[in-house]
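Heads up: the structure comes next, in structure tokens.
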Protein chains: 2
Amino acid sequence: MAPARDSSSLLREAGLRATAARVALLNALCATHKPLKAAELRRSAGRGMDLVTVYRAMDALEKAGLAKRIGVDRTSASWEFAHRAHHHHLVCRGCGELEDVGECAVEGLEKRVLGKSKRFASVSDHSLEFFGTCRDCASAARAA
Amino acid sequence: MAPARDSSSLLREAGLRATAARVALLNALCATHKPLKAAELRRSAGRGMDLVTVYRAMDALEKAGLAKRIGVDRTSASWEFAHRAHHHHLVCRGCGELEDVGECAVEGLEKRVLGKSKRFASVSDHSLEFFGTCRDCASAARAA
DNA sequence: TCCCTATTGCAAATGACTTGCATAAGCATA
DNA sequence: TATGCTTATGCAAGTCATTTGCAATAGGGA
């Protein structure tokens with residue numbers, strides 16, 4: 001999925017400088033339909049940028065609302081292009097492979113959840129992940 | 001919630017040695033209704049054990065099916081006693097405060113999700129977290 | 001009670017991510 | 001197009017949660 005307008009314009013419209021690193025990262029992000037980790041982003045962006053730059057740039061993209069951070073596991077973060085329909089993820093317990101799950105059956109549950117809580121003032125957001133085994137890991141396990 | 005039988009028996013039945021550290025951790029876990037982080041567990045267990053011991057013990061408890069690891073965010077893991085009804089969590093974006101959400105509206109969705117995937121062989125599990133702001137953080141933000 | 005083996009503590013390593021600082025681009029303006 | 005202020009970047013070093021190696025210690029079955 002290429003962005004509606006080129007990445008530089010998107011960046012500038014979001015109030016960010018259209019630097020080479022950010023453009024490359026945003027392109028990489030748009031080109032993929034699954035969340036990318038910092039190291040994958042650097043690889044996909046294809047110009048030897050520092051990992052630190054990836055983190056800082058993604059931080060900027062995130063604040064500007066162009067990228068969305070996915071907190072699937074506790075070992076490393078991933079990001080995906082933000083201008084996408086709300087959806088969830090399927091995660092492999094073996095290799096960490098990620099796949100999108102199109103539908104969201106949880107919309108509208110947030111209010112109910114908040115209503116039952118005494119300690120919370122608001123609920124803005126939710127995340128739903130399904131865990132399982134991808135075919136590769138399943139056959140690897142069978143072979144072992 | 002105290003365990004049905006004392007922690008030592010639970011451990012031994014699970015095939016683990018009932019060491020002082022594991023008993024203390026399991027007690028701490030059962031005494032709380034919310035997931036505890038490694039450092040909190042050490043504090044709650046109340047005997048100056050090494051943090052490394054907490055990690056190794058929780059790993060053992062987890063493998064034995066006595067504790068459940070919660071992967072809410074990417075900054076630190078939490079565990080809760082495993083013998084509890086399936087439920088989800090409400091997480092404060094400000095301070096990380098965690099609260100249980102009793103109901104699960106996602107049960108039964110797993111099969112449907114798996115059916116739509118081409119890359120996955122099985123789905124065993126899911127996690128659903130709601131994010132928001134707890135009252136403390138909300139009033140702190142108002143005051144600032 | 002003894003002995004073998006699992007577990008613990010300590011120290012050091014790892015891996016993801018962040019921070020400080022000097023240099024190198026952006027880009028608005030002249 | 002050249003200028004100059006400001007924001008980004010690279011590099012090196014630091015932080016934080018978690019893991020690993022190893023020697024010392026403590027369960028618990030015989």
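Just so we're on the same page: letters track the sequence lines, and every chain starts at 1. Values below: every heavy atom of this structure, side chains too, minus hydrogens, waters and symmetry copies.
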Without decimals, in angstroms, what is the distance between [X] [atom1] and [N] [atom2]?
X	N	atom1	atom2	value
Asp50(B)	dG21(D)	CG	C1'	14 Å
Leu11(A)	dA8(D)	CG	P	10 Å
Leu16(B)	dG28(D)	CG	P	10 Å
Glu40(B)	dC16(D)	CD	P	17 Å
Leu51(A)	dA16(C)	CG	C1'	9 Å
Arg12(A)	dA25(C)	CZ	P	17 Å
Leu61(B)	dT8(C)	CG	C1'	14 Å
Asp59(A)	dT18(C)	CG	C1'	10 Å

Quick one: label [X] by what it contacts on the DNA or RNA (base, sugar-phosphate, nothing), any heavy atom closer than 4.0 Å.
X	value
Ala18(A)	sugar-phosphate
Ala20(B)	nothing
Ala21(B)	sugar-phosphate

Is it the case that the side chain of Ser139(B) and the backbone of Asp136(B) share a donor-acceptor pair, with hydrogens and angles ignored and the cut-off at 3.5 Å?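 Pair found, side chain donor or acceptor close to backbone of Asp136(B).
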
Under 3.5 Å: donor-acceptor pair, side chain of His89(A), backbone of Asp100(A):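 No, His89(A) side chain to Asp100(A) backbone: no donor-acceptor pair under 3.5 Å.
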
Would you confirm whether the ring centroid of His86(A) sits within less than 6.0 angstrom of the ring centroid of His126(A)? yes

Which nucleotide, [options], lies nearest any side-chain atom of [X]?
X	options	result
Met49(A)	dG28(D), dG10(D), dC17(C)	dG10(D)
Val52(A)	dG28(D), dA12(D), dC17(C)	dA12(D)
Arg17(B)	dA26(D), dA17(D), dG10(D)	dA26(D)
Arg69(A)	dG9(C), dT18(C), dG28(D)	dT18(C)
Arg22(A)	dT8(C), dT9(D), dT18(D)	dT9(D)

Between Asp50(B) and Arg42(B), is there a salt bridge with N-O shorter than 4.0 Å?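 No, this pair does not count.
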
Salt-bridged, Lys34(A) to Glu97(A), with N to O below 4.0 Å? yes

Is any side-chain N or O of Tyr55(A) closer than 4.0 Å to OP1 or OP2 of dC17(C)? yes

Ignoring backbone atoms, test whether Thr19(A) places a side-chain nitrogen or oxygen under 4.0 Å from the OP1 or OP2 oxygen of dT9(D).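 Indeed, a polar side-chain atom of Thr19(A) lies that close.
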
Taking for each residue the nucleotide of DNA chain C with the nearest heavy atom, is it Arg56(A) or Ala38(A) whose nucleotide lies nearer the 5' end?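 The residue mapped nearer the 5' terminus is Ala38(A).
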
